[in-house]
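Residues take their numbers from the sequence shown, with the count starting at 1. Just so you know, ligand 1 is whichever comes first in the structure, and atom 1 is the first atom listed for that ligand.
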Amino acid sequence: MPVETEAAVASVLMTGEQYEESLRKMKFKVYLQGERVENPVDHPIIRPSMNSVKMTYDLAQDPQHQDLMTAKSHLTGKTVNRFCHLHQSTDDLIKKVKMQRLLGQKTAACFQRCVGMDAINAVDSTTFEMDQKLGTDYHARFEKFLLKMQELDWTVDGAMTDPKGDRGLSPSKQSDPDMYVHVVERRPDGIVVRGAKAHQTGAINSHWILVMPTISMTAEDADYAVAFVAPADAEGIFYIYGRQSCDTRKLEGGTIDVGNKQFGGHEALMVFDNLFIPWENVLMCGEYEFSGTLVERFAGYHRQSYGGCKVGVGDVLIGAAALAADYNGAAKASHVKDKLIEMTHLNETLYACGIGCSAEGCKTASGTYLVNMLLANVCKQNVTRFPYEIARLAEDIAGGLMVTMPSEQDLCNPETSDVIKKYFQGVASVPTETRMRILRLIENLTLGTAAVGYRTESMHGAGSPQAQRIMISRQSNLQQKKELAKNIAGITDKK
Ligand code: SF4
Ligand code: FE
C-alpha cells in the first residue's frame, strides 16, 4: 500500500469511501477480456465487487451493526474491523458467522473479505505451533503484519488454491514445476517465488495477499511449502480476471437485466512472476510438516464461513421467490407455501451448522479459537447440496419467464414497451417492471454473475465435496461408535 495512504488513515476503522480511495492509489496489473485495465475501481464489470467489500467497511461504521462488525484487538485493545480480528472465544466465532449472514443479506453476493480473515486465524495458530516445535520465528513476523493489517484496516486476500496440473502427481513431480507456488531462489534478504493461485476471490479489491500452500507436503516438496504476505500490487504479481455468466450485461448500463446492479463478487488468476519476498514477510519456507495443518485450519474456518455468507444470500433468494409468487398471484397456493418452507428449512440448517461448529470451537496453543473441525466440514458438505436445492425451488416458483423474458432495452423501446407491459403483467396491482426486476434477481442468483458465489462456489469453494468427506471420515471417531454399539448389545471382546 502506498505510504500516503497509510498516513491518510487516521482511524483504525476506514470508512467505505476511504477504502475506495485507498484502492485507487494501488497499481494493480489486471487483464480483463483481452485488455489491461487501468482503473479497476471504476470498471463496470469490477466495480460491483468493490462495492461488496466496501460494505464491510460501511457497516462497521454503523452503530447498529458494530457488535457484529467490529471486535477488540487482542494485540492493542483497540476496536478493529472483525475481518482483521483473531477469534478470542467461541462468541467471536459465532459473531463471525452472524456478520457473514448479515453481509450476504446486504449484498446478495460474495463480499470477499472473509478469505483474509480465515487465513490470518489459520496462520496465527500454525506459525505459533511451528515455532514451538522447530524454533523458527514466523509467529513474531506474522504478528507484526497483523498489527499493520489491523491499524490500517486492510482487506487481505488469503490465497491458497494452486492450479495443481496433474492431480495424480505431487507438486515436485509435475512436468511443469510452476503448477504449485514454489521457492525458486533463497537470497540473504529474502526469497523469490514463482507459480500462480487460481480462483482468487476479491484479489483486485485487496491491499495485501497472504499466500499459503494448498495441500500437505512431504520432504521432496519442501520448496512448495511456502507462505508469505505481499502487497497485492507488488512488482511481480499480475491478475487475469475471471469470466462470469452474463458479465457483459454490466456493460449495457441498465438497471434491470443485471439483476443486482450494485453488488457482485470476483475471482482472478493471480500470477507470481519471480516475485521477491523479503524475509520479514515470509511465514513458512520449507517446513513441509506444517503445510497440512495450515491447509486444514484455513479450510475449517472457510467451511464455517459458508454457514454464514451463503445463508445470507439464501435469505435474499427466498425473499425473491416469495415476491415472484406474490407478483404472479400464486402466493396462496399450498405447494408454493410448502416450497418456501422447504427453502427456509434448508437455509436454516446451513446456519445451524455454521453456529454449531462455532459454539463447539476450542482454544489453540496461540490463544486463537478454532472451529470444531467435524462440524465445520459437515457444514460445508451441506453447502455443496442445499443451495442447489434452494435455487431449484426458486426457479420452480419463478416460472419460465425468468429465462425467456425480453430485455430491458425492449421494455424501454416505445415500439415494444406497451406489449411487454401488457403480456407480462401478473397481478394487476404490481407493475410489470417490478415483476421483471425480481425475476432478473432470481436469474442473477441462480444462473448469472452471482451464481458463481451462490452455486458453483458452494460446490467447490473452501474445498470440493470429497475434501470434506475425507475430513469427516478422519474426525468421525468410528471406533468409539463401535464401542457404544457393543456396549448396548452386550458384546465383550473375549478371545
Ligand atoms: Fe466470504 Fe462467502 Fe465470499 Fe468466501 S464465498 S469470501 S466466505 S462471502
Ligand atoms: Fe469462497
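Distances shorter than 2.8 Å separate atom 2 (Fe) of ligand 1 from the protein N/O/S atoms C309 SG.
Residues meeting the salt bridge (Lys or Arg N to Asp or Glu O under 4.0 Å) test with K54, sequence neighbours left out: E17, E20.
Between W154 and W208, the ring planes are parallel. Angles under 30° get that label, and only those over 60° would be called perpendicular.
Proximity of the aromatic rings of Y19 and H207 is defined here by a centroid distance below 6.0 angstrom, and this criterion is met. For Y301 and H87, the distance between ring centers is under 6.0 angstrom.
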task = Evaluate salt bridge (charged side-chain N to carboxylate O under 4.0 Å, His left out) for D91 paired with K72, printing each intermediate quantity in order.
result = CA-CA 13 Å; D91 191 47; K72 195 168 155 190; over 6 Å; no
request  = With side chain to side chain donor-acceptor pair (under 3.5 Å) as the test, would you mind laying out the steps for H182 and D178 before giving the verdict?
outcome  = CA-CA 7 Å; H182 60 124; D178 298 339; 2.8 Å; yes
